[in-house]
Structures are given as structure tokens and as C-alpha cells.
Undergrad: 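Once you've had a glance at the structure underneath, I'll fire off some questions.
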Amino acid sequence: FSPFSSKSNSKTLHPYPPSPKLRLPFVGDLHLLKLPLHNSLIRLSKQYGPLYSLYFGSMPTIVASTPELFKLFLQTHEASSFNTRFQTSAIKRLTYDNSVTMVPFGPYWKFIRKVIMNDLLNATTVSKLRPLRSQEIRKVLKVLALNSDTQQPLNVTEEPLKWTNGTISMMMLGESEEIRNIAREVVKIFGEYSLTDFIWPLKKLKVGNYEKRIEELFNRFDPVIEKVIKKRQEIRQKRKEKNGELEKGEESVVFLDTLLDFAEDPTMEIKITKEQIKGLVVDFFSAGTDSTAVATEWALAELINNPHVLKKAQEELNEVVGKDRLADELDVPNLPYIRAIVKETFRLHPPLPVVKRKCVQECVVDNYTIPQGALILFNVWSVGRDPKYWNNPSEFRPERFLENVEGEQGIDVKGQHFQLLPFGSGRRMCPGVSLATSGISTLLATLIQCFELNPVVQQGNVLKGDDAKVSMEESPGLSVQRAHNLMCVPVARAGSPVKLLSS
Ligand code: HEM
């Protein structure tokens, strides 16, 4: 069993990063790891330093745990060596082998990334679809209002998930009914499968019948997305007959319209196929729904546990928006404290705690050889809580991003500040960063305006005042979700715009 068996020219000059001595056949170093993964990686970095190597089964794996290293991998050497990810077979099948998140750095990725940035998630298109997003936010508020009326406990964990699913669905396809449930199943199996895929030998054994389940899900998903596309084509046909006029009730052109236009356009540099369109639909669901929902739930939990932060947020909203209307996406630029709450949530609870890339060409980083084919893990979670980079890192203190005292002011999540990388960095950084951050800020702003959330413990008791604290335990999955459902009784705030929801 030879460690890092790639034929290296530079390894004589530059060793591989340090690694545990005892490596087991087949499992490699997997016996040293437990979920949540980021915690095990922190433990090992105390022993082997900020850059070390492991074997995940037979896959060489490099772990980086400082902002300086993140910069070397994702800025200095990204273009030559670290511009790709690993493809899992669930993602391969369910994205019709066309996942933008997983395809290698090549002509198709460049083309589809340009479509995403210039035609789908560009400011003008996203802004035109604002009414669709507002509608989805109102749906969440209405559920809370109903429970506030009846004083029944609500599983708040479910609401952000329904919201992100509905929002992505509406923006992408112009409808959400057909696809809603099946899209959630697809996102779920991606999460599950990546776990098995990670534990490399299990993949070979096809543990848990995954391949069969993926095929079964594919066979149910495909007719649904086909039907949605067909329906859209009919709408477009009618629109053409009316010289481009939108149907009554149609807010705007949705992403699927743009993609179908491109499919028919003979002048496009690459002719986008129906399979590629379907792949992109799945990509947006899988990349954009759970991550955004999980971050929103963490923010709500932090607000419950930090009433002084909630109070300041309420004051900001009173001052900027007032009580006579609901906050809107357009208010977000004027709500610095709410935006700081969102950043602080991403610092402590990045939904993807360990960002992954693949080394496509051997490279020397920080005087160590990184072999071709290695999986690279960036422990974003640990850097967000490292006292070397943050003052009082375990405190939830949004003010750190606003006050000019600690060198933390102005740090943002857009991939330029390597101590805060919830959306990654570089060429393959998340293209949904603005959509996600502004969406979370808007939903939080409206929820804070309208409701107080009183947590409910298992026995059904409602907690109030100083006792109103919720557990911040993390679930042992690959994405960092809260371990327990957030059960709360929402209470409508006196004089708040909650009254407008019935209109
Ligand atoms: C809180 C919400 C979100 C988080 C935390 C998040 C995080 C990430 C991260 C860490 C990456 C990998 C970046 C890297 O390798 O440097 C990524 C990639 C990606 N994300 Fe997001 N994301 C979120 C929301 C969204 C949304 C709303 C969309 C789309 C509507 C989206 C679409 C994508 C896509 C397409 C990629 C792959 C980009 C590529 O490979 O070129 N994400 N995201």
C-alpha cells in the first residue's frame, strides 16, 4: 500500500504534507474520522498541523485549515490545479451527467457558468423575479401567523425548507406544485449519497442499495421534469402567438424560458440540450435549497438565544422600515445590522463546513507536494471559529462586522476574505451568494418585524424570558444542520405589519 502513489517529480524536493503513521488497508485513515467531519479534522490538525494528508479509503486527501492556505489553493494555484470537484454517481445520474457543480473545468463549464452569471443570476433578471420571491416569503409568514392565532407549536425547521424549495422552483420553472416533493427527494439523496461516496470502500460495495434507489428516483423524477418543460413550452408558444405578451398572472420570464430560448438559438456558441437544462434544474435545487434553509434556521436559533441581538434588529427595522409595511428585498441595503446577523451566522454555522475541490495537476503548495487526483478539504468551519482570526469567536456578535475596532469590520462572504468562506472562493465560487444572502436577510427581516418565537421543549412546555434557549447541537451529517427540530410558538408582535398578511 503505497502512500500517494502518483509519479511525482517534485516530491524529492518537497515532501507530501504530514500524515498519520498507521494507515489501514482499504479504509486508509477513515477509522480516525467521525461525523461531523469538521470536528475530526480539527482534532487531527492539532496533531499534524494546518496542512496534512490522509487517505479516505484509497483516495489521497489533503486537509487545509488556515486562511493563508485557502488563499494559496483557491487563488494562487486554483487555475492550474484546483478548479474541479469530485463527481459522485448520484449526482452524475440525477443531473443527467451535466452538473455545473461537478463537471470538470472545461468548455461546457465555462459556457454554462457564463449563462448562470450573465443570464440567470444577473442583477436584472433576479430583480425582475422579486415579486415571486416576495410571494414565497408571505407564504412563510402566513403559516406563522396562523400558528400565532391558534398558539400551536410549529416545527419552524420545515418553513425555511419549504421557502427555499418554493423560491427556487418558481424562479427556475415558474411553478412549484409538480416538482416540489420530488425535488426534495433528489436533494436528500445527494446528501445521503455523498456520505457513502466519501467513505470510498463503501461505494464499491454499493452499500444500502443506493444505485437502485438512485435509478428508481431518476425514473420518477424524469417524467415530472419533462411534464414541467412541456407545459412551459406550451406557455411560450401561446406567448409567441401574442407577440411576446405575458399571460395574465405571469410575473416575468423565468430561468426555464431563457434556457429554452438558448436551446432554440442557432447562434449560441454551445447548443444547450434538454438534458443539460434538466441537469441545471437539479443543480439549482441541490445547491440552493438546503444550504439556504439551514443557514436561515441557524440564524433564527441564534436570535432566540441572543435576545439583545434580536432587540437591536427590531430597533433597526422600526427605524428603517417602520411598522406599516413589510420589509422587502429593496430594504436590505439599508439594514446593515440584519446583514451583519447573516454574516455572523455564516461565520459560526457555514452550511457546507468543509469545502471540497480536486487536484487536477500536481502542485507545490506551501513547500509541500499536492498529488494529482487528491481530494482537497478546506475546513471553513474551523477557521470561522479560530481565535487567531476572530476576537471572542464563540460569541454571536454581529457588531464585529460593523465596528471599526477589531479589524473585522467590512469582512464579507464574497470569497475575498479567506477567514470567512461559506460560499467558497475563486472561479468555482458559489454563483448564488447574492441571491442567498439577500433572500435570508429579507426573510429574517420580515420574521423579526412580525413575530417573537417562543421555543417549545420536548415535553411541550413553552420557554420564555431567560429560559428561552435552544440547543445549538449539530447533526452528524456532512452539511451542518441543527441536530433538533426548532419547535416554537410564534407570537405576533403588537402593532407589527403582520395584520397586512390577510390582505
Ligand atoms: C446559503 C446558501 C448557500 C451556500 C452556503 C452555498 C455554498 C456553496 C459553496 C461552498 C460552493 C462551492 C464553492 C467553491 O468550491 O469554492 C457552492 C457552489 C455552487 N453553488 Fe452555492 N451555496 C448557497 C446557495 C446557492 C444558491 C441559492 C444557488 C443557486 C441558485 C447556488 C448554486 C451553486 C452552484 C451552481 C455552485 C457550483 C459552481 C461551480 O462549480 O461553478 N448556491 N455553493
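Just so you know, these numbers use all the heavy atoms, side chains as well, and skip hydrogens, waters and symmetry mates. Order of listing sets the numbers, starting from 1, for every ligand and every atom in it.
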Undergrad: Give the atoms of ligand 1, by number and element, whose distance to some non-hydrogen atom of F346 is under 4.0 Å.
TA: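 So the answer, numbered in order with elements, is 1 (C).
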Undergrad: N/O to N/O below 3.5 Å, does that happen between T292 and ligand 1?
TA: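 No: no nitrogen or oxygen of T292 is under 3.5 Å from one in ligand 1.
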Undergrad: What protein heavy atom lies closest to atom 34 (C) of ligand 1? Include the residue and the distance to one decimal.
TA: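 Protein heavy atom with the smallest distance to atom 34 (C) of ligand 1: P431 CD, 3.4 Å.
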Undergrad: For the residue pair F255 and F284, categorise the inter-ring angle as parallel (less than 30°), tilted (30 to 60°) or perpendicular (more than 60°).
TA: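 Taking F284 first and then F255, their aromatic rings stand perpendicular (interplane angle over 60°).
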Undergrad: In the protein, what heavy atom is nearest to atom 4 (C) of ligand 1, and what distance, to one decimal place, separates them?
TA: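 I find the closest protein heavy atom is F423 CE2, 3.4 Å.
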Undergrad: Do the non-hydrogen side-chain atoms of L141 and L144 ever get within less than 4.5 Å of each other?
TA: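 Counting from C-beta outward, L141 and L144 never come under 4.5 Å.
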Undergrad: Decide salt bridge (charged side-chain N to carboxylate O under 4.0 Å, His left out) for K274 and E226; before the verdict, give the C-alpha distance in whole Å, the side-chain angles of both, and the deciding distance to 0.1 Å.
TA: CA-CA 9 Å; K274 194 175 0 157; E226 279 286 341; 2.8 Å; yes
Undergrad: For atom 32 (C) of ligand 1, which protein heavy atom lies nearest, and how many Å away is it?
TA: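 For atom 32 (C) of ligand 1, the nearest protein heavy atom is A287 CB, 3.4 Å.
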Undergrad: Would you kindly check if the NZ (Lys) or CZ (Arg) of R357 is within the cone defined by 45 degrees around the ring axis of F82 and under 6.0 Å from the six-membered ring centre?
TA: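 R357 over F82 ring: no.
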Undergrad: Checking a contact table here: which protein heavy atom is nearest atom 40 (O) of ligand 1, and how many Å away?
TA: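 Nearest neighbour among protein heavy atoms for atom 40 (O) of ligand 1, to 0.1 Å: R85 NH1, 2.7 Å.
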Undergrad: Counting each atom of ligand 1 from 1 as listed, which ones have a heavy atom of V355 under 4.0 Å away?
TA: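 By the 4.0 Å cutoff, the relevant atoms are 10 (C), 14 (C), 15 (O).
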Undergrad: Is the gap between the ring centers of F73 and F378 under 6.0 Å?
TA: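 Close enough - the centres of the two rings lie under 6.0 Å apart.
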Undergrad: Decide whether a cation-pi geometry holds between R385 and W390; the criteria are a distance under 6.0 Å from NZ or CZ to the six-membered ring centre and an angle within 45° of the ring axis.
TA: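 Not satisfied by the 6.0 Å and 45° rule.
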Undergrad: For atom 23 (C) of ligand 1, find the nearest protein heavy atom and state the residue, atom name and distance (0.1 Å precision).
TA: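 Sorting protein heavy atoms by distance from atom 23 (C) of ligand 1 puts S291 OG, 3.5 Å first.
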Undergrad: Taking distance alone, with no angle check, do R427 and ligand 1 share an N/O pair under 3.5 Å?
TA: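 Between R427 and ligand 1, no N or O pair is found under 3.5 Å apart.
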Undergrad: Decide whether a cation-pi geometry holds between K110 and F105; the criteria are a distance under 6.0 Å from NZ or CZ to the six-membered ring centre and an angle within 45° of the ring axis.
TA: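 Satisfied, under 6.0 Å and within 45°.
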Undergrad: For the atom pair CD (E297) and CD (E159), what is the distance rounded to the nearest 0.5 Å?
TA: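 If we round to the nearest 0.5 Å, E297:CD and E159:CD are 11.0 Å apart.
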Undergrad: Side chain, backbone, both or neither: which part of C430 comes within less than 4.0 Å of ligand 1 when only heavy atoms are counted?
TA: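 The answer is both.
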Undergrad: Any carboxylate oxygen within less than 4.0 angstrom of a Lys/Arg side-chain nitrogen, looking at E344 and R397?
TA: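 Salt bridge: no.
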Undergrad: Under 4.0 Å from a heavy atom of R113: which atoms of ligand 1 are those, numbered in the order shown and with their elements?
TA: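 Checking each atom against R113, I get 38 (C), 39 (C), 41 (O).
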Undergrad: Please classify the S425 to ligand 1 contact at 4.0 Å (heavy-atom distances, strictly less than): side chain, backbone, both or neither.
TA: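 Looking at S425 and ligand 1, just backbone atoms fall under 4.0 Å.
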Undergrad: Within ligand 1, which atoms have a heavy atom of P351 less than 4.0 Å away?
TA: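 The atoms of ligand 1 under 4.0 Å from a heavy atom of P351 are 5 (C).
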Undergrad: Does P422 approach ligand 1 within less than 4.0 angstrom via side chain, backbone, both or neither, non-hydrogen atoms only?
TA: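 The part of P422 near ligand 1 is the backbone, not the side chain.
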Undergrad: Starting from atom 26 (C) of ligand 1, find the nearest protein heavy-atom neighbour and note its residue, name and distance.
TA: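 Ranked first by proximity to atom 26 (C) of ligand 1 is G288 CA, 3.4 Å.
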Undergrad: Polar contacts were defined as any N/O atom of the residue lying under 3.5 Å from an N/O atom of the ligand; does this apply to R357 and ligand 1?
TA: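 Yes, at least one N or O pair falls under 3.5 Å.
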Undergrad: May I ask you to list the atoms of ligand 1 that are less than 4.0 angstrom from any heavy atom of T101?
TA: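 Checking each atom against T101, I get 34 (C), 35 (C), 36 (C), 37 (C), 40 (O).
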Undergrad: Specify side chain, backbone, both or neither for F284, according to which of its non-hydrogen atoms lie closer than 4.0 Å to ligand 1.
TA: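 Under 4.0 Å from ligand 1, F284 contributes side-chain atoms alone.
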Undergrad: Would you say L352 contacts ligand 1, with heavy atoms under 4.0 Å as the rule?
TA: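 L352: in contact with ligand 1 (<4.0 Å).
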Undergrad: Can you tell whether the side chains of E185 and K188 come within less than 4.0 Å, N to carboxylate O?
TA: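 So E185 does not pair with K188 through a salt bridge.
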Undergrad: So that I can tick it off, tell me whether R339 and D412 are bridged by a salt bridge, with the cut-off set at under 4.0 angstrom between side-chain N and carboxylate O.
TA: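 So D412 does not pair with R339 through a salt bridge.
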Undergrad: Less than 4.0 Å between a side-chain N and a carboxylate O, is that true for K312 and E399?
TA: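 Yes, charged N to carboxylate O under 4.0 Å.
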Undergrad: Need the ligand 1 atom indices (1-based, order shown) with element for anything under 4.0 Å from a heavy-atom of G424.
TA: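 So the atoms of ligand 1 that pass are 10 (C), 13 (C), 14 (C), 16 (O).
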